[in-house]
2 protein chains.
Amino acid sequence: MSSMHLNHVKITDPFWLHYMDLIRTEMIPYQWSVLNDKADIIIEKERDADYIPSDKSHAIENFKIAAGLKKGHHYGMVFQDSDVYKWLEAVAYSLQQVPDDALQKIADSVIDLLAQAQETDGYLNTYFTIEDPKRRFKRLYQSHELYCAGHYIEAGVAYYSATKSQKALDIACKLADCIRAAFGDGKGQIQGYDGHEEIEIALLRLYEVTGNKNYLELSKFFLYERGKNPDFFKDQVKADPNKKPLIEGMDQFKASYYQVHKPVLEQDTAEGHAVRVTYLCTAMANLAYLNQDEKMLEVCHRLWDNIVHKRMYITGAIGSTVIGEAFTADYDLPNDTMYGETCASVGMIFFATNMLKNERKAEYADVMERELYNIALSGMALDGKHFFYVNPLEVVPEYSKKDPGKSHVKLTRPAWFGCACCPTNLARLLTSLDRYAYTIHDQSIYTNLYLTNQSNIDIDGQKIRIEQITNYPWEGTVQFSIHTNQAVRFSFALRIPNWSKTYSIFINGERHTGKIVNGYVSLDRQWNDGDTIVLELDMKIHLWTANPHVRSDLNKVAVQRGPIVYCAEGKDNGSDLQLIHFTEQTKFQYQFAANQFNGVGIITANAEKMKIDSQWEQTLYREAVKQEFSPITLTLIPYYCWANRGENEMLIWFHKK
Amino acid sequence: MSSMHLNHVKITDPFWLHYMDLIRTEMIPYQWSVLNDKADIIIEKERDADYIPSDKSHAIENFKIAAGLKKGHHYGMVFQDSDVYKWLEAVAYSLQQVPDDALQKIADSVIDLLAQAQETDGYLNTYFTIEDPKRRFKRLYQSHELYCAGHYIEAGVAYYSATKSQKALDIACKLADCIRAAFGDGKGQIQGYDGHEEIEIALLRLYEVTGNKNYLELSKFFLYERGKNPDFFKDQVKADPNKKPLIEGMDQFKASYYQVHKPVLEQDTAEGHAVRVTYLCTAMANLAYLNQDEKMLEVCHRLWDNIVHKRMYITGAIGSTVIGEAFTADYDLPNDTMYGETCASVGMIFFATNMLKNERKAEYADVMERELYNIALSGMALDGKHFFYVNPLEVVPEYSKKDPGKSHVKLTRPAWFGCACCPTNLARLLTSLDRYAYTIHDQSIYTNLYLTNQSNIDIDGQKIRIEQITNYPWEGTVQFSIHTNQAVRFSFALRIPNWSKTYSIFINGERHTGKIVNGYVSLDRQWNDGDTIVLELDMKIHLWTANPHVRSDLNKVAVQRGPIVYCAEGKDNGSDLQLIHFTEQTKFQYQFAANQFNGVGIITANAEKMKIDSQWEQTLYREAVKQEFSPITLTLIPYYCWANRGENEMLIWFHKK
């Protein structure tokens with residue numbers, strides 16, 4: 001059997017480079033100043049919750065105190081450490097794309113600080129080290145100890161991969177070993193798991209980089225143990241003499257919030273906190289791959305299908321309710337009271353990536369693309385310094401201000417959050433797009449994302465380079481050229497996105513007529529140096545209909561072009577966007593506007609707007625009247641651009657006549 | 001100037017007598033057993049709130065403890081006393097319609113108990129007498145002390161009117177005097193008010209029955225003082241050395257929750273807790289009438305218009321959000337996450353009644369009728385023993401169970417609530433319909449409600465009787481006959497409901513062609529014994545459209561016949577009610593079904609139901625598809641009958657093609 005290995009993907013894509021540069025030059029330094037309490041910002045609570053500390057971040061300060069370098073108390077959420085870890089992970093990916101000595105020096109100093117804060121037995125958590133050492137691992141449903149540990153391990157692995165920092169990896173292994181000593185089926189060990197999945201993902205990554213099977217086994221233990229004893233958390237609370245909760249206001253949540261309502265192998269719907277679900281699935285999918293675990297893969301299938309086919313918004317947003325930031329029920333997808341947390345969509349990208357390791361199905365990459373171009377980008381302002389936690393599909397500023405059921409729907413992106421998971425998650429995602437572009441299966445390369453890049457690939461020791469050039473997502477032409485010293489045989493599989501009704505493929509200028517299998521057209525042949533492949537996707541504007549079980553979207557349509565979902569904003573179209581109707585005569589026109597939103601494709605359409613006659617001014621209900629309409633020219637912008645021009649209305653689903 | 005006075009309205013209406021009998025024979029004895037903890041019931045929290053005590057009522061027991069007859073602690077909400085008072089008020093009205101010695105004896109014993117629980121200075125409140133005497137009037141934003149006092153005063157006035165019990169009235173006056181001593185602009189007096197309006201209504205009723213102007217002045221003080229110092233509540237909390245709140249979870253609410261965000265004269269939109277707003281308006285409208293207070297009347301106009309023309313559901317429900325059980329913003333009327341508390345609609349009936357005292361405008365009676373036939377009746381099960389707090393317009397059982405944003409929407413009526421305001425409010429309303437049937441203005445009788453009754457009226461000392469016979473709300477013919485010893489001149493004004501497109505009036509068989517002025521046709525003439533008036537209203541089935549600003553109802557219609565709003569239930573029409581569409585061809589047929597729901601009018605219609613093809617089973621979004629429809633026969637039942645046959649879907653607003 002031959003071997004094929006993806007060595008390095010260098011992203012040079014103008015669309016993404018803009019964001020990656022923004023993250024490198026703006027977001028990473030900015031987050032660093034926030035973590036050090038040096039940024040002059042207002043920290044916003046992601047929703048009305050008194051228990052969220054929001055005076056400052058204090059995250060680096062916490063480590064200094066834990067390391068004994070300073071005196072003081074821990075401040076912030078019990079999982080404040082993870083902000084630093086996710087920042088560090090983003091730095092690692094950024095350094096891999098663009099080396100930067102000054103930044104690496106800062107990151108090295110953080111590693112040094114963490115090493116000092118780590119206890120001698122490997123334990124690392126500033127809250128418990130500073131405030132509550134006796135409660136270590138005793139309140140796992142709220143403590144986020146393993147969650148934070150997992151985020152460090154991911155960061156450590158990434159930083160080691162980028163810089164070969166052995167120290168970063170050592171901290172990770174020491175920490176994992178400490179956890180391994182404490183948890184398991186053995187005598188005196190804790191037969192349990194964390195309230196927030198993450199360690200399971202991290203341990204598998206640590207296994208992938210170290211080859212140490214113990215980490216794979218520990219991840220497997222956590223996954224298989226989860227939900228076996230549905231009273232594990234309750235029993236821990238009972239046994240803890242200290243009754244003070246670690247996070248206020250969380251006692252209302254049921255077992256399903258933590259995915260412990262039944263053993264994971266028996267779970268068949270996505271329940272509870274959406275981010276937790278996607279992290280659980282990410283780990284399960286990787287375990288299924290690494291361990292050839294068919295049962296785990298089956299669960300992943302069930303949960304994937306449930307999320308993607310019954311509980312996901314057209315933007316890729318997940319989580320229908322703010323209460324518990326959670327899934328609710330099949331087809332319960334309100335557009336205006338929803339949550340759609342940025343982190344949950346980032347989690348779906350992780351889940352999709354690991355499903356692609358298991359299976360050659362473009363559906364996973366389709367979802368990854370949907371999340372990336374819509375929710376991930378929506379999560380960040382165009383300035384790279386403001387962030388959304390919640391990503392709604394319909395916004396009326398007055399309702400967000402006056403209806404407490406909609407008050408979690410922010411109208412503009414705040415600078416930072418008391419619970420700051422989303423900005424750092426975005427940073428680590430968008431700096432590592434090279435990890436998502438391709439998947440290798442045996443002797444085949446599968447394209448997941450279309451973006452300009454140069455990839456170095458080893459095939460049985462032979463080094464080849466594939467260059468991808470595209471103006472995606474605005475244009476549908478993607479060109480690949482193969483650079484190799486000698487002819488080489490491999491299969492190159494092109495994903496045909498589910499939104500592309502038609503496609504054309506040309507190999508060295510000649511039309512190829514392959515069939516789509518599982519969403520891919522595979523080009524399996526001998527490739528010579530200079531061979532070119534051109535893929536042309538359908539960039540027509542298409543209207544989409546939601547499943548009629550989705551009450552909020554019935555008799556409505558959404559506009560999509562390529563992977564981009566469009567929305568209307570009040571700034572362009574006035575208020576009362578719900579009055580806009582598409583008709584049989586509505587024609588859509590696309591134009592690239594180089595000067596708007598750093599350059600985006602804008603859509604205009606001749607639509608109709610329902611008139612509100614003067615009789616309505618003082619009337620709520622009238623006998624069924626024939627409504628009058630006026631013609632309007634509607635302007636649609638990419639969903640991810642919304643709320644970059646101040647507070648205003650926004651809408652994705654439009655009525656049709 | 002001549003005088004006209006409505007002496008007694010004896011209700012003999014078959015539709016309403018059913019309910020009044022149910023209340024007399026089932027609800028009043030049942031509530032009595034609940035108040036005495038002798039009913040074998042499950043007490044439900046009206047929503048997920050740990051702070052609501054729900055093991056038992058304990059309300060009578062609280063009085064026994066306060067009276068020193070028993071030892072123990074207060075149990076229940078801080079306003080638990082009001083359950084007893086509202087029950088007592090219902091008993092008073094019931095006795096007025098149907099004397100009942102045994103029931104009166106029980107009520108007398110309650111009066112005796114209250115007299116014993118009343119402190120020597122007139123103060124009456126079991127919570128503060130038993131648990132917290134030092135905090136009397138010190139925590140008014142939560143204490144409900146004046147709210148409870150008001151409910152007693154209303155009960156005392158009603159009981160005195162029904163039975164001439166001086167003792168009941170004396171308790172009320174003593175209590176009012178105690179409050180008058182404590183509150184006011186004077187030295188050492190509290191310049192403030194209760195967090196929940198009610199005392200203002202009650203004091204005006206006490207003034208009406210006693211003629212004691214002090215009570216009118218005190219009510220006026222409370223109304224004019226309200227919101228003048230927006231920090232009054234905060235100042236009280238600051239001054240109270242005891243920091244324990246009286247009700248947990250209420251600190252999140254803003255000043256507008258209590259209508260103290262500005263002086264009432266400056267308020268122009270209905271803000272905050274919906275019941276509080278309607279109670280405030282009820283008092284303001286009566287003060288405007290009794291004191292000829294034009295400014296107060298202007299505020300009433302503004303708030304009435306804001307509620308009725310911008311913030312009310314077609315059923316009459318008000319309160320768009322469960323959070324604070326409150327108003328939100330103009331046209332923000334979601335059908336599935338709303339509150340629509342029964343008590344708030346009862347409050348609207350009170351408000352409308354007092355507006356009718358000020359002005360001869362049928363709009364007030366139209367709203368009263370809408371509230372009565374839809375929300376008030378919806379608040380109670382057909383067995384008279386189960387009650388709704390929340391009255392939604394769209395229900396999906398699975399969503400109520402799985403979506404915490406909809407979990408306050410109960411699927412069937414619980415037996416009793418930890419916070420039991422609604423059942424007792426219904427009891428006192430439905431036993432006193434005689435108070436709402438007519439309004440007298442100078443020499444005119446205005447009909448508000450159409451229901452079979454005999455009314456005795458004094459006109460300048462001459463006694464006449466007007467008999468009204470109708471099979472309303474199922475039939476639109478209302479016949480009045482005048483019984484008088486001698487010819488008498490007065491104006492008889494017939495309300496033409498806003499849903500009645502056409503009407504005919506016959507006087508002694510001859511068609512009358514009067515014009516509608518402010519919703520009434522006035523028949524001003526000399527009346528002779530035996531004269532008859534026949535009014536025929538339009539009982540055709542009409543479709544209604546909501547104001548296009550209401551996003552949830554856009555492109556939808558609701559079905560109404562007479563005053564009754566109709567709904568579809570899953571029991572009759574299967575699931576996925578949102579798929580039902582009306583078309584141009586849809587015809588509606590009405591039939592009275594004597595055997596269903598104790599006899600109601602049922603509507604059937606040939607509608608169409610959108611098909612869900614098999615492709616949708618595993619798909620959430622597809623390129624815009626032409627939807628297929630199947631013809632169906634739709635069955636609609638009166639909204640108020642919903643949820644009497646177990647859990648199932650329900651819908652009021654239907655799509656139209």
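Each chain gets a letter, A, B and so on, in the order its sequence line appears, and its residues count up from 1.
Relative ring orientation between His581(B) and Phe629(B) is described as perpendicular, the plane-to-plane angle rising above 60° on a 0-90° scale split at 30° and 60°. Ring orientation note: the planes of His408(A) and Tyr339(A) are close to parallel, at an angle under 30° on the 30°/60° scale.
Contact of the His542(A) side chain with the Lys540(A) side chain is registered, since non-hydrogen atoms from C-beta on lie closer than 4.5 Å. Side-chain contact between Tyr621(A) and Trp499(B) is absent, with no heavy-atom pair separated by less than 4.5 Å. Using a 4.5 Å heavy-atom threshold, the side chains of Phe588(A) and Leu543(A) count as touching.
When heavy atoms are compared at a cutoff of 4.5 Å, Gln627(A) approaches chain B solely by way of its side chain, counted from C-beta outward. Looking at Lys656(B), only its side chain comes within 4.5 Å of chain A, counting heavy atoms on both sides. Contact annotation for Lys406(A): only side-chain heavy atoms (C-beta onward) come within less than 4.5 Å of a heavy atom of chain B. Contact of Thr337(A) with chain B is not made at all, since no heavy-atom distance falls under 4.5 Å.
Ion pair Lys401(B)/Glu647(B) flagged as a salt bridge, since at least one NZ, NE, NH1 or NH2 atom sits closer than 4.0 Å to an Asp/Glu carboxylate oxygen.
Looking only at heavy-atom pairs under 4.5 Å with chain B, the residue among Asp553(A), Asp336(A), Val625(A) that has the most is Val625(A). Interface check for chain A: of the options Ala558(B), Ala546(B), Ser552(B), the most heavy-atom pairs under 4.5 Å are formed by Ala546(B). When each of Thr619(A), Asn498(A), Val557(A) is checked for heavy-atom pairs under 4.5 Å with chain B, Thr619(A) comes out on top. Ranked by heavy-atom pairs under 4.5 Å with chain B, the list Thr321(A), Val550(A), Asp576(A), Leu554(A) is led by Leu554(A). Looking only at heavy-atom pairs under 4.5 Å with chain A, the residue among Pro548(B), Pro334(B), Ala329(B) that has the most is Pro548(B). Between chain A and the options Met610(B), His549(B), Glu623(B), the largest number of non-hydrogen pairs under 4.5 Å is found for Glu623(B). Per-residue counts of heavy-atom pairs under 4.5 Å with chain A were compared for Leu579(B), Asp403(B), Asp332(B); the largest is that of Asp332(B).
The backbone N or O of Tyr257(B) sits less than 3.5 Å from a side-chain atom of Gln259(B), completing a donor-acceptor pair. Looking only at distances, a side-chain donor or acceptor of Asn374(A) sits under 3.5 Å from a matching main-chain atom of Pro563(A).
Residues of residues 306-317 of chain B placed with any heavy atom under 4.5 Å of a heavy atom in chain A are listed by number as Ile307(B), Val308(B), His309(B), Lys310(B), Arg311(B), Met312(B), Tyr313(B), Ile314(B).
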Can I get a per-line list of side-chain donor-acceptor pairs under 3.5 Å for residues 392-399 of chain A, giving both atom names and the distance, sequence neighbours left out?
from	atom 1	to	atom 2	distance (Å)
Glu394(A)	OE2	Arg551(B)	NH1	2.7
Glu398(A)	OE2	Lys402(A)	NZ	3.0
Tyr399(A)	OH	Asp330(B)	O	3.2
Tyr399(A)	OH	Tyr331(B)	O	3.3

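Aromatic rings of Phe654(B) and Tyr566(B) (six-membered ring for Trp) have centroids beyond the 6.0 Å cut-off, not under it.
When all heavy atoms are compared, the tightest approach of Ile375(A) to Ser345(A) is CG2-OG, 3.2 Å.
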